[in-house]
Amino acid sequence: MRKEFRTSAATEPERVAISKSTGIKVDWKDGHHSEYSLEYLRDECPCATCTGAHGTEPQRSSYGTPSPFQMYKPKLKMNSVEQVGRYAVRVYWNDGHNTGIYSFDHLREICTCEECRTARTASESGGRGSV
Ligand SMILES: [Zn+2]
Ligand SMILES: [Zn+2]
């Protein structure tokens, strides 16, 4: 049921820098570098609730999407980050959410750099519809 982790250089972090107020930076073993803002990570939460994996409505928080209601949200922060095994981290958000386990595999997939975004857009043909 769980997809197996690919253990190639592209999904193995060489160095992970975690800042609870700004986000996560990863230097990958293949030399690639990724940076993830808190808002982006929260939006990309891979848990079943956020992705609607149980057939329920996705509970996307849309922290990364500007909305008229955004000003009412408390500033997003990570309360703590816990290493899960060798290949994932679990984030405890200050909004009480903590079921999202971010595998490095997933993190590499959602890399925000120009190169990766272009590659994703090309293969998804604009499926996400953001921006
Ligand atoms: Zn979630
Ligand atoms: Zn990238």
Side-chain angles (χ1 to χ4, degrees):
M1 287 256 328
R2 233 173 187 297
K3 125 181 124 151
E4 263 183 60
F5 288 115
R6 279 171 282 139
T7 52
S8 69
T11 53
E12 273 203 63
E14 174 78 41
R15 211 173 62 89
V16 182
I18 295 168
S19 161
K20 287 175 190 167
S21 55
T22 53
I24 298 178
K25 295 180 189 179
V26 183
D27 289 323
W28 302 98
K29 287 208 164 141
D30 67 349
H32 202 76
H33 178 76
S34 308
E35 291 189 22
Y36 311 92
S37 70
L38 293 180
E39 290 80 7
Y40 185 73
L41 287 171
R42 185 65 180 83
D43 272 356
E44 291 293 332
C45 178
C47 86
T49 309
C50 294
T51 56
H54 294 326
T56 51
E57 278 289 298
Q59 304 286 307
R60 288 285 186 197
S61 64
S62 294
Y63 271 101
T65 317
S67 88
F69 305 106
Q70 194 156 33
M71 68 178 102
Y72 297 109
K73 283 180 184 164
K75 180 113 178 72
L76 188 65
K77 249 188 63 179
M78 298 193 272
N79 285 337
S80 65
V81 181
E82 190 176 84
Q83 182 105 22
V84 181
R86 274 196 60 196
Y87 297 110
V89 290
R90 176 172 182 174
V91 179
Y92 292 78
W93 299 101
N94 68 337
D95 64 2
H97 197 66
N98 62 17
T99 46
I101 293 174
Y102 298 76
S103 66
F104 289 114
D105 198 58
H106 178 67
L107 285 174
R108 180 59 190 251
E109 259 172 46
I110 62 169
C111 176
T112 59
C113 84
E114 184 91 38
E115 190 190 325
C116 294
R117 281 212 313 256
T118 309
R120 275 201 306 274
T121 316
S123 61
E124 280 179 18
S125 61
R128 293 186 68 85
S130 60
V131 184

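Numbering of ligands and ligand atoms starts at 1, following listing order. These figures come from a predicted structure and were not determined experimentally.
The closest side-chain heavy-atom distance from Val26 to His33 is not below 4.5 Å. Residues Leu76 and Asn94 have side chains in contact (heavy-atom distance under 4.5 Å, counting atoms from C-beta outward). Residues Ser34 and Lys25 have side chains not in contact (no heavy-atom distance under 4.5 Å, counting atoms from C-beta outward). Side-chain atoms of Val16 and Trp28, non-hydrogen and from C-beta on, never get closer than 4.5 Å to each other. Between Asp30 and Arg108 the shortest side-chain heavy-atom distance falls below 4.5 Å. Looking at Ile110 and Tyr36, their side chains come closer than 4.5 Å, going by heavy atoms from C-beta outward.
Heavy-atom contacts from other residues, nucleotides or ligands closer than 6.0 Å to NZ of Lys29 number more than 12.
Under 4.0 Å is where a charged nitrogen must lie from a carboxylate oxygen, and between Arg42 and Asp95 at least one such pair does. Comment: Glu12 engages Arg86 in a salt bridge, judged by a side-chain N to carboxylate O separation of less than 4.0 angstrom.
Protein N/O/S atoms nearer than 2.8 Å to the Zn ion (ligand 2) total 4.
Atoms of the protein (N, O or S only) found under 2.8 Å from the Zn ion (ligand 1) are Cys45 SG, Cys47 SG, Cys50 SG, His97 NE2.
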